[in-house]
Amino acid sequence: MSVRNTAGKRPRSGGHAPAVIALAATAAVLVWLLLGVPGDLYLGFVGGPVAMAAAAFAAHGVASRQRVPRPVRTFWGLLRYAAGFLFLAAVIAVLRENNDTGVSIYVGLPLLVGVVILMVAFLRLPFGERTTLGRAQALLDGATVAVASTLIYWYVVLDLAPSGTSLFARVVAATIGVSGVLLLVVLGKAAASPARTVDPASLRVLTIAPLAGGVGTILLIAGTGMARLVFAVLALPLVGFSIAFAAHLQQRALDAPERPVAEAKGRSVLNLLPLIGVTATAALVITVSAQEMTERQRTLIIGAVLITCFVIARQLLSLRENKLALAGIRRQQAELERLALSDTLTGLPNRTKFAVALGERIEAHQPASALLIDVDDFKMINDTLGPAAGDQLLYQVAQRLRAHCLAGELAARLGGDEFAVLLPTDDPAEAEAVAARLLAGLGEPFNVADQRLLLHASVGIAIAAAGETADEVQRNADIAMYAAKESGKASWVRFEPQMRQDMAHHARLASELHNAIVRGELRLVYQPVFDLRTGLPSGAEALVRWQHPERGFVSPADFIPVAERSGLIVPLGSWVLREACEQLARWRAEFGDEAIPSINVNVAVRQLREAGFVDEVAAVLSETGLTSGNLIIEVTESSVVDGWQVRETLQSLHEMGVQLALDDFGTGQSSLSLLRAFPVDVLKLDKSFVDGIADGADRGRLAVAAAVAQLAEYLQLKAVAEGIENVEQLERLREMGYRYGQGYLMAKPLPAEECGKLMSAAPAHVF
């Protein structure tokens with residue numbers, strides 16, 4: 001059954017309805033004006049409250065979203081309050097419904113409050129450099145524009161107001177106009193800043209608001225009756241539409257798949273306002289000087305203005321040079337960041353970039369999940385084909401992951417054969433569907449070094465929960481990935497909190513196991529291997545047991561995996577090897593020829609990878625007085641195929657004369673092929689083929705058991721049947737040709753003293 005892929009879906013953009021309402025209100029006002037302006041002004045002013053209400057609702061929609069970065073929510077929250085005060089001003093304008101010059105105190109006060117809140121919202125945006133020099137430059141730019149615009153409004157615009165206009169109405173209108181110009185300065189710096197939080201398109205749309213304030217108030221003071229009316233009825237609807245549409249763009253940007261933040265290109269035109277203000281003031285000075293000064297004074301003023309113009313021109317040229325230099329620095333910075341945050345082999349983002357991206361989503365309260373992908377048995381491939389082929393395979397794996405990731409999903413290489421994918425979702429079903437999709441993609445054959453390879457991977461899934469850090473999410477995914485490997489590889493496992501407790505338990509157990517090795521809390525028991533014809537023991541398998549002083553008996557099924565994962569299997573295995581050989585030497589000294597000829601010791605793959613393992617075996621045999629023929633080393637099929645180091649170690653042991661036994665034979669996927677490449681001496685039939693063999697109901701087990709016996713006889717190998725628990729199994733195995741066996745029927749694992757007694761006793765009664 002195929003898994004329905006939902007990881008690529010995204011919620012639809014929201015916030016379009018308020019923008020449509022505000023646009024409809026603005027269009028209605030335009031139609032009202034085009035129809036010839038009826039005598040009743042009420043209908044013309046109604047568009048303002050409608051548009052501003054829609055704007056407040058749209059801003060509230062963004063500010064109330066939970067999974068949104070805090071600076072964005074704060075900005076739109078302030079715009080919501082500003083729209084509320086502008087809505088109040090629009091309602092008052094409807095109630096007054098006049099076309100007087102300037103702005104009345106009733107409309108002006110809520111307008112001013114709304115403008116101040118807008119100013120605060122824009123000032124909270126990142127702009128310029130967060131240094132003392134950067135703040136001083138921004139303050140000087142604002143002061144320059146404020147003084148220039150105030151002079152222009154005071155000397156030119158206010159003088160153009162019709163006689164009889166109250167001073168307060170003119171001052172309020174001029175204040176709103178100057179504030180609008182200042183808003184343009186702040187907005188321009190925020191739009192040009194590379195450290196953006198609010199969507200750039202939204203900021204560009206929001207310039208309508210300060211432009212309406214700056215230009216419209218000029219019309220309110222110095223415009224004709226028709227011009228004043230057009231602005232009076234259109235200004236607030238336009239501002240409302242700009243806020244509502246900007247909120248819609250912000251919603252769409254938040255819902256869209258993540259894209260790299262585009263670098264701010266050049267300087268915003270609005271950043272030229274300080275220079276424009278200086279130029280306008282210079283022109284104003286020339287105009288005034290031409291009317292009210294003597295010839296010598298006028299010459300002096302004109303010269304000063306010319307010098308100012310030269311300075312402005314020089315500054316413009318410097319701005320051009322600075323822009324080019326800054327663009328070069330930013331390109332270099334972007335390249336350095338790319339190199340620092342990308343993997344040189346595959347071109348994917350590296351561990352640092354992945355952690356940063358995951359952390360940003362978590363800090364912004366956005367949904368996030370991490371998939372940790374580890375290539376199964378990559379070391380074997382790397383050792384077999386060589387590092388160059390291994391790198392080529394890793395590159396192809398990276399490209400395969402990139403190709404199977406959808407928009408918004410970030411693939412990264414964490415190091416070695418470990419990859420990760422960041423998902424913009426917190427839905428477990430979606431994350432699991434993505435894991436299945438990626439595993440299916442990696443399951444297609446790879447062409448490497450003129451060979452066609454089938455590759456598998458294990459995937460750990462971790463859903464970012466509330467309060468978790470990026471490091472914790474990655475650690476959870478790592479825990480889940482190891483659980484996937486332990487469950488059989490080529491699969492995915494989703495992290496559950498219980499896994500962390502299990503991992504902590506394993507860590508404590510590893511610490512206690514280390515102390516147990518040092519303190520001598522471990523002991524060996526021995527399960528005899530019997531000759532099924534004579535009933536006498538022909539060998540014994542050394543098995544480690546742990547009697548914890550507080551926990552009591554700890555099962556090998558619990559501490560052996562911990563030892564393998566923690567690396568303690570190396571010192572533990574060394575202790576088992578030496579203790580078993582010393583015990584065999586004691587038996588041989590005590591029982592002479594009646595003692596078993598050899599001892600079986602299980603060896604983990606981690607031990608076989610150790611460079612000095614062969615020398616260690618030789619040293620132990622020499623120190624205990626044993627020969628190489630007295631030792632049988634048992635390994636599993638998975639150990640044999642681990643890589644060239646393991647194969648060389650086994651070959652060296654075989655050449656030394658140490659016997660090698662293939663344990664759990666028949667359970668692997670390449671048992672027969674191993675017999676050609678592996679210098680095996682003993683085949684141990686796995687217990688799973690002995691269970692149920694007596695009644696003959698399972699013909700498959702019978703066939704495998706018989707085939708292994710015949711194969712061993714043909715290859716002149718020693719065949720041992722494990723897990724014999726009843727007489728019927730024993731009889732059937734003897735009929736098949738098995739000479740040796742072990743199991744609870746003959747003897748359980750015994751302490752050294754009890755096992756030694758079997759060597760001088762009569763044959764086991766079961767025979």
Side-chain angles (χ1 to χ4, degrees), residues 6-23 51-87 117-118 120-126 187 190-191 195-206 209 239-262 356-369 407-410 422-428 430-431 463-470 473:
T6 59
K9 293 186 178 180
R10 299 287 181 270
R12 293 187 304 172
S13 304
H16 59 277
V20 171
I21 293 173
L23 179 61
M52 291 313 306
F57 182 78
H60 174 75
V62 180
S64 60
R65 288 184 58 157
Q66 294 301 315
R67 300 183 182 277
V68 171
R70 187 180 300 276
V72 176
R73 293 205 312 270
T74 302
F75 175 80
W76 288 100
L78 289 172
L79 257 65
R80 171 182 55 193
Y81 296 130
F85 279 98
L86 295 180
F87 169 77
I117 295 176
L118 284 174
V120 172
F122 287 124
L123 285 173
R124 290 178 66 93
L125 295 176
L187 204 158
R196 295 171 176 172
T197 53
V198 178
D199 180 55
S202 299
L203 290 178
R204 287 193 291 270
V205 171
L206 286 173
V239 172
F241 170 70
S242 70
I243 295 175
F245 187 59
H248 164 65
L249 294 177
Q250 181 69 73
Q251 293 268 32
R252 189 173 63 180
L254 292 172
D255 291 336
E258 272 67 28
R259 297 184 299 271
V261 177
V356 169
L358 177 59
E360 288 176 348
R361 290 197 67 86
I362 292 175
E363 291 176 4
H365 303 287
Q366 295 176 321
S369 297
E409 299 171 359
L410 175 68
L422 173 61
L423 307 180
T425 180
D426 55 5
D427 183 2
E430 288 190 13
I463 311 297
E468 288 185 335
T469 65
V473 175

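Reckoned from all heavy atoms, side chains included, excluding hydrogens, waters and symmetry mates. Predicted, not measured: the structure shown is a model, and the values here were computed from it.
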Which atom of S202 lies closest to which atom of A246, heavy atoms considered: OG-O, 2.8 Å
Working for side-chain contact (heavy atoms from CB on, under 4.5 Å), residues L23 and F245: CA-CA 9 Å; L23 179 61; F245 187 59; over 6 Å; no
Only counting residues at least two apart or in another chain, list the ones meeting side-chain contact (heavy atoms from CB on, under 4.5 Å) with I362. L358, A464, A470, V473
Mind checking side chain to side chain donor-acceptor pair (under 3.5 Å) for E468 and listing every partner two or more places apart, or none if nothing turns up? N476
What distance separates L422 CG from R361 CZ, expressed to the nearest 0.5 Å? 6.5 Å
F122 versus L206: any side-chain heavy-atom pair under 4.5 Å? yes
Under the rule for ring pair (Phe, Tyr, Trp, His ring centres under 6.0 Å), what residues qualify as partners of F87, not counting sequence neighbours? none
Check A55 against G240 and note the closest heavy-atom contact, atom names and distance. CB-O, 3.3 Å
Any donor-acceptor N/O pair, S369 side chain to T425 backbone, under 3.5 Å: yes
Under 3.5 Å donor-acceptor pairs involving side-chain atoms of residues 71-82, not counting sequence neighbours:
residue, atom, partner, partner atom, Å
R73, NH1, Q66, O, 3.4
R73, NH1, V68, O, 2.6
T74, OG1, R70, O, 3.0
W76, NE1, Q250, OE1, 3.3
R80, NH1, H60, ND1, 2.8

Tell me, with the steps shown, if H16 and Q251 meet side-chain contact (heavy atoms from CB on, under 4.5 Å). CA-CA 9 Å; H16 59 277; Q251 293 268 32; over 6 Å; no
Nearest non-hydrogen partners of M52 and I243, listed with the distance: CE-CD1, 4.4 Å
Which residues share a side-chain contact (heavy atoms from CB on, under 4.5 Å) with A56, sequence neighbours left out: A83
Taking atom CD of Q366 and atom CG of L254, what is their separation to the nearest 0.5 Å? 7.5 Å
Assess the residue pair E430 and L423 against the criterion (side-chain contact (heavy atoms from CB on, under 4.5 Å)); give the C-alpha distance rounded to whole Å, side-chain angles, the decisive distance to 0.1 Å, and a yes or no. CA-CA 9 Å; E430 288 190 13; L423 307 180; over 6 Å; no
